[in-house]
Number of protein chains: 2
Amino acid sequence: MATPEPARPGFHLPLLLLAGFRTLIDDLHAELAREGHPELRPLHGFVLQAVGADGTTATELGQRLGISKQAAGKTVDRLVAVGYLERTDDPSDARRRLVRVTARGADGLRRSAEIFDRLRAQWADTLGPERVTAMEDDLRTMASANWFRLDMPGWFGG
Amino acid sequence: MATPEPARPGFHLPLLLLAGFRTLIDDLHAELAREGHPELRPLHGFVLQAVGADGTTATELGQRLGISKQAAGKTVDRLVAVGYLERTDDPSDARRRLVRVTARGADGLRRSAEIFDRLRAQWADTLGPERVTAMEDDLRTMASANWFRLDMPGWFGG
DNA sequence: ACTATTTCGTCAACCACGTTGACTATCCTA
DNA sequence: TAGGATAGTCAACGTGGTTGACGAAATAGT
């Protein structure tokens, strides 16, 4: 083992990672609300991104997010209710219900990406660009398996 | 702004932070389950830590965690049910119900700290100790306000 | 000492997000 | 054409949060 010295108690690495995530997510949604998307909840951005430009089905979405098809279906319901997703029938398969991002959803997604870029730039201003890049590289190294495992009910804030 | 170059799409900093957090939390609980604490859920460690060695009340716990006293009370209920917390009457104030960590809770807490230290050492082995320290320092800088804002219902996994 | 306010805990109803199991309708294949 | 796989939905439930209302106990003010 390289460093036998433990982290200072109360300042564990996982809590720091969570706090960093929260900071970005909170800032993002404060800004999103200002820009006309107050209904967009933290989970929604990830879901919209997982739906993608080509659309999907609830079952496939569930697989992408690592959750059950039922959970994915309910999430789609909520996003449809607030106008970010829409469902259409698949003419080639009457069982399937295609899920697509609406124009409003695409707007929210685009703004989210822009805001994240600005927040990242703020971090680079404070820490230095190379430190941010190093953090991203290191996290990519350590966390490669957990890209879209979002199966943490409710966690994005209430 | 220091770096106008955006992060690569799909690999946003927040997702990396979340994935890093998840990785640690998942590894922690896999190991905790092996060591005799399969009922300990991800949120519980933070709650036990917030209760502390001196004990608290549900209301005060809610303030520490940034959640309502009702939510704190329900969380205490669950931890009591699995034997990690206990309630006693406050002889000096009949309204208050003191919440304390049980011996089993203390054991889980101690093991969590040990496992986190080992996981941190693994990160240091892979990334180099100075990179881990740099990450912690940078996160402390950027996320100082979010230490115990755990108000993300369910988020620790299901 | 008596009233008024505050505080603590709890109950009830609700929401977001997840789970498993069961079921129908449709599609595909032997 | 019968049988199995797949898509979606419904129901019941669990966890973690919210607000509002309420009684009991402590405290402050007159």
Side-chain angles (χ1 to χ4, degrees), chain A residues 18 22 25-26 29 38-47 50 55-82 84-85 87-99 148-158, chain B residues 18 22 25-26 29 39-48 50 55-82 84-85 87-99 148-158:
Chain A
L18 177 58
R22 280 294 309 238
I25 287 294
D26 289 350
H29 285 88
E39 325 89 329
L40 216 44
R41 314 231 316 116
L43 186 58
H44 296 167
F46 297 100
V47 175
T56 3
T57 64
T59 295
E60 192 185 337
L61 180 62
Q63 287 165 350
R64 290 185 192 175
L65 296 175
I67 60 178
S68 66
K69 60 179 181 177
Q70 295 93 325
K74 281 199 261 187
T75 299
V76 169
D77 287 343
R78 292 176 207 117
L79 271 300
V80 167
V82 290
Y84 288 88
L85 289 177
R87 276 194 237 253
T88 56
D89 289 334
D90 184 339
S92 74
D93 188 337
R95 293 170 307 176
R96 306 178 74 200
R97 310 220 52 203
L98 268 340
V99 176
F148 261 121
R149 285 209 50 215
L150 294 184
D151 52 329
M152 307 170 113
W155 251 97
F156 279 102
Chain B
L18 178 58
R22 280 292 311 238
I25 288 293
D26 290 351
H29 285 87
E39 325 87 332
L40 217 43
R41 314 234 312 118
L43 187 55
H44 296 167
F46 297 100
V47 175
L48 291 179
T56 5
T57 64
T59 296
E60 193 185 337
L61 180 62
Q63 287 165 351
R64 289 187 193 173
L65 296 175
I67 60 178
S68 66
K69 60 179 180 176
Q70 296 93 326
K74 280 200 264 187
T75 299
V76 170
D77 287 344
R78 293 178 204 116
L79 269 302
V80 168
V82 290
Y84 289 88
L85 289 178
R87 276 194 239 252
T88 56
D89 289 334
D90 184 340
S92 74
D93 188 337
R95 293 170 307 176
R96 305 179 73 200
R97 310 220 52 204
L98 266 341
V99 177
F148 262 121
R149 286 209 48 215
L150 294 183
D151 53 329
M152 307 171 115
W155 249 96
F156 280 102

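Being a predicted model, the structure only gives us computed values, none of them experimental. Chain letters run A, B, ... following the sequence lines, proteins first, then strands; residues in each count from 1.
A salt bridge is absent between A/Asp90 and A/Arg97: the closest approach of a Lys/Arg side-chain nitrogen to an acidic carboxylate oxygen does not fall below 4.0 angstrom.
A sub-4.0 Å separation between OP1 or OP2 of D/dG8 and a side-chain N or O of A/Thr57 is present.
Ranking C/dC8, D/dT19, C/dT10 by closeness to the B/Ser68 side chain, first place goes to D/dT19. Residue A/His44 has its side chain nearest to C/dC17 when only D/dG8, C/dC17, D/dT18 are considered. Picking from D/dT9, D/dA7, D/dG17 the nucleotide with the shortest atom distance to the side chain of A/Arg97 gives D/dT9. Taking only side-chain atoms of A/Ala58, from C-beta outward, the nucleotide of C/dG9, D/dG8, C/dC27 with the closest atom is D/dG8. In the set C/dT26, D/dG8, C/dC8, the nucleotide with an atom closest to the side chain of A/Arg96 is D/dG8. Among the nucleotides C/dG9, C/dA16, D/dT15, the one closest to any side-chain atom of A/Arg41 is C/dA16.
When the P atom of C/dC8 is taken as reference, atom CD1 of B/Ile67 falls 15 Å away, rounded to whole Å. Rounded to whole angstrom, the span from the CG atom of A/Asp90 across to the P atom of C/dA25 amounts to 19 Å. Regarding B/Asp89, its CG atom lies at a distance of 12 Å from the C1' atom of C/dC8, rounded to whole Å. Atom CZ of B/Arg95 is separated from atom P of D/dA25 by 10 Å (rounded to the nearest Å). Computed from coordinates, the B/Tyr84 OH to D/dT15 P distance equals 14 Å when rounded to whole Å. A straight line from CG of B/Leu61 to P of C/dT10 spans 13 Å, rounded to a whole angstrom. Put simply, CG on A/Asp93 is 10 Å from P on C/dT26, counting in whole angstrom units. Following rounding to the nearest Å, A/Leu18 (CG) and D/dG16 (P) show an atom-to-atom distance of 14 Å.
When each of A/Lys69 and B/Leu98 is assigned the nucleotide of DNA chain C with its nearest heavy atom, B/Leu98 is the one assigned upstream, toward the 5' end. Checking B/Glu60 against A/Pro91, the closest nucleotide of DNA chain C that is more toward the 5' end is the one next to B/Glu60.
Nearest heavy-atom pair across A/Thr56 and A/Ala50 is OG1-O, 4.3 Å. Here the shortest heavy-atom pairing between B/Leu40 and B/His29 reads O-CD2, 3.0 Å. Nearest heavy-atom pair across B/Leu65 and B/Phe46 is CD2-O, 4.5 Å. Scanning all heavy atoms of the two residues, the minimum distance from B/Ala58 to B/Val99 falls at N-CG2, 4.3 Å.
Each end of the helix from C/dA1-D/dT30 to C/dA30-D/dT1 gets its own rotation axis from five pairs of C1' atoms, and the angle between them is 0° to the nearest 10 degrees.
For B/Gln70 and D/dG16, a side-chain-to-base donor-acceptor distance below 3.5 Å is absent, hydrogens and geometry of angles not being considered.
Atoms OG1 and CG, on B/Thr57 and B/Leu98 in that order, are 7.5 Å from each other to the nearest 0.5 Å.
Using a 4.5 Å cut-off on side-chain heavy atoms (C-beta onward), A/Glu60 and A/Arg96 make contact.
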Under 3.5 Å, sequence neighbours excluded: what are the donor-acceptor pairs made by side chains of residues 66-78 of chain B?
residue : atom : partner : partner atom : Å
B/Ser68 : OG   : B/Ala71 : N            : 3.1
B/Thr75 : OG1  : B/Ala71 : O            : 3.1
B/Asp77 : OD1  : B/Arg87 : NH2          : 2.0

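Contacts with DNA chain D (heavy atom under 4.0 Å) in residues 71-82 of chain A: A/Lys74, listed by number.
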